[in-house]
Amino acid sequence: MEKRKKKEKGDGLFVNYCYLYKGWFQMSRWNILFMVMILAGGVSSLYMGLYLPKIAVSLVMSQVPLHEMAITFGLAGLLYFFLSWTENAGYRLMNSPSLKYRHVLEERILHKICRTAYCDLEDPDYKKRIEHAKHLYQHWDRDARQCIWDSVEFVYLLITIPITSGMLMSLHPTVIVVLAVGTWLQYRLSQRNIVWEKKYRDLWQPLEMRIDYISWKVADFSYAKDIRLYAADKWLLPKYKKLMGERRNWKKKQIMHGMGLSAAGKITEVVKQMFVYGFLLWGVISGNVRADDFVLYVGLALSLSDSFTQVAMRLSRVRESMLSISDYRKMMSMPDSRQREEKGDPGLPEGRAPGITFSHVSFAYPGTGENTLEDVDITIRPGEKIALVGANGAGKSTLVKLLCGMYEPTGGEILLDGVPAARWGLEEWYRLFSVVFQDVGVIPATIAENVSSSSLEKLDRNKVRECLEKAGLMELVDSLPKGMDTCLQKEMFREGINLSGGETQKLLLARAIYKEAPILVLDEPTAALDSIAENQLYLKYSELTRGRTAVFISHRLSSTRFCDRILMLENGRITEQGSHEELMKNRKAYYEMFQLQSHYYQKDRTEDFSSGLDPEWEVSGYASN
């Protein structure tokens, strides 16, 4: 119970807004001045505005000469104007920094998402937290800018209410009590809305995520062909309509719930106003209130009544906004599930690929209860070329993701040159790998930027050209008007282009070469290439992997002939390993798979096709297509 209380205390209103303002003031110290301008100018102009009618009536009652009356009232009006201008200027000056703060908060969370463990991004709860955190920098009704404005208004009310109450005490304390009690009732009613939203928010949040997903995919150019060819809009849009209907139903329930509470709040407000006016009128009739004081007290009473009403509304808004801040804080403070120590690079000799050891490694995806990989025990020697083969679902991609640090083993450990992975910082571990995954697209930027993964100012253009040539894409790039400065994704750039599947794989291969990491990992490197392009790539394979350890996944068993060793995976276990010739002699699963591919395609072989390779290579290479 004590721990629970501490947790609730640490997640309270004060703590959350301290977090918000700390970041805002760190962004610019001028924001402190803008807040002072708003509060000082606002409070001063409020009371100056209330005293102006009293001054006017008092001057008339005292029968002051007209020119003196004009000078006195003019100076008072000028002071009121200056104070009001100070408040307004503070709001205007604060507007731009508060909008910038939205972007700063978004940059921070995007940085965290980019740096967090890959496996966390697959966690539905993690994705839900990201959606909740977006309120602080995407939703205008609860973003950081609105949170700041609401809290400033709330502080303004906390300053004016005690001052106004003290001034009204000379009239009668009952007025303050009635206004306070009525406002408390209004506040309690408004709280019911927040309680209702907290109770049901998790029910409509998944609907919003699905609605946004469909809306995004329909507008995504990469899905345009499938939507048209398969008439996907015929079932996708009705699904969208259904989800929108369900979301509107929740909104209707929220509105209906709020309408009843709003009506009760309005009735309370009318009762408060009737009491105040009645009390003041009775004071005038009984002669206890002078004419100029009557004007002042009316202004003060109305101001206090409005302030009490506003403080309830603002407190409600502040508490609602606190949810956005709290969700953002929780997202930013979520621990990383990775188990790597951030101690830096243990150190590897320059220019040499490390040895890789999987020591009895097992892995199970969270919530599955079953191991995808089971007791994998292998050693990959420095500079060795390894092929991972097996049927779909055998565990090849999972093994590669473990190797690259995307997942952590649930059993056993991975070592580089005998050093456990836990001693490596994850950033240092990533630098050891150049990887080409099947499901990675290009970035909407220039070809040179995509290859170098850096800005135009920092990239080495000669090195980019060399990598494009090695990947077999330079001929296409040279044919473009802007060469390597051509932008990719024409839906984003007027003069941009879209690459074919095979061209995209060559581009990603060029990017992997550019990184010059000691370990090269290729996931189906020739999947989108025709048989001629595939053979041309294999002719360059030795050059591309010289001095590196190379691991690649392949369904085309012809490619395994280029490797020093082949690992055959079945149901998460390594059942065979050895060279192509050794595995063919064993006549087990690898042999059967190779024979099946060759037999299936040999009848369609083109007789006069020649790649310059050994005939036996050519048969298996073409057969695998």
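Heads up: numbering here begins at 1 and tracks the sequence. Just so you know, these numbers come straight off a predicted model, no measurement behind them. Excluded from the calculations below are hydrogen atoms, water molecules and symmetry mates; all remaining heavy atoms, backbone and side chain alike, are included.
Aromatic ring centroids of Y137 and Y101 lie 6.0 Å or more apart.
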For side-chain contact (heavy atoms from CB on, under 4.5 Å), just list the numbers for K330 and H132, CA-CA rounded to whole Å, side-chain angles, deciding distance to a tenth of an Å, and then say yes or no. CA-CA 10 Å; K330 288 175 182 176; H132 287 173; over 6 Å; no

May I have the step-by-step check of side-chain contact (heavy atoms from CB on, under 4.5 Å) for M244 and R248, ending in yes or no? CA-CA 6 Å; M244 286 294 291; R248 282 195 299 270; 3.7 Å; yes

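Note on ring orientation: taking the six-membered ring where Trp is involved, the planes of Y118 and Y407 are tilted (angle from 30° to 60°). Note on ring orientation: taking the six-membered ring where Trp is involved, the planes of Y21 and F25 are tilted (angle from 30° to 60°).
Remark: K199 fails to qualify as a cation-pi partner of W196 under the 6.0 Å distance and 45° angle criteria applied to the six-membered ring. Stacking of R145 on the aromatic ring of W149 is recorded, both the 6.0 Å distance cut-off and the 45° axial limit being met.
Enclosure of atom NZ in K112 by more than 12 non-hydrogen atoms of other residues, nucleotides or ligands within 6.0 angstrom is indicated. Residue-environment remark: NE2 (H103) exceeds the threshold of 12 foreign heavy atoms within 6.0 Å.
Considering R314, R319, E320 as possible partners of D150, the one that fulfils the side chain to side chain contact (heavy atoms under 4.5 Å, CB included) test is R314.
Side-chain contact, R511 with N450: no donor N or O sits under 3.5 Å from an acceptor N or O. Counted by atom type alone, T446 and E449 present one or more donor-acceptor pairs between their side chains at under 3.5 Å. Checked by atom type, the side-chain pair T164/Y47 shows a donor-acceptor distance below 3.5 Å.
Atom CG in D327 sits 7.0 Å away from atom NE2 in H135 (nearest 0.5 Å). Rounding to the nearest 0.5 Å places CE of M37 at 11.5 Å from CG of L83. Expressed to the nearest 0.5 Å, how far CE of M169 lies from OG1 of T174 amounts to 9.5 Å.
Side-chain contact between P444 and F493 is present, with at least one heavy-atom pair separated by less than 4.5 Å. You'll find the side chain of E68 stays beyond 4.5 Å of the side chain of I71, heavy atoms only. Residues L20 and I148 have side chains in contact (heavy-atom distance under 4.5 Å, counting atoms from C-beta outward). Residues K242 and E246 have side chains in contact (heavy-atom distance under 4.5 Å, counting atoms from C-beta outward).
A donor-acceptor distance shorter than 3.5 angstrom exists from the side chain of Y328 to the backbone of L105, with no hydrogens or angles considered. Counting only distance, with no hydrogens or angles, the side chain of N31 and the backbone of S28 share a donor-acceptor pair below 3.5 Å. Put simply, the side chain of T116 never gets that close to the backbone of I113: no donor and acceptor are under 3.5 Å apart.
The residues K128 and E131 are annotated as not salt-bridged, no charged nitrogen and carboxylate oxygen being separated by less than 4.0 angstrom.
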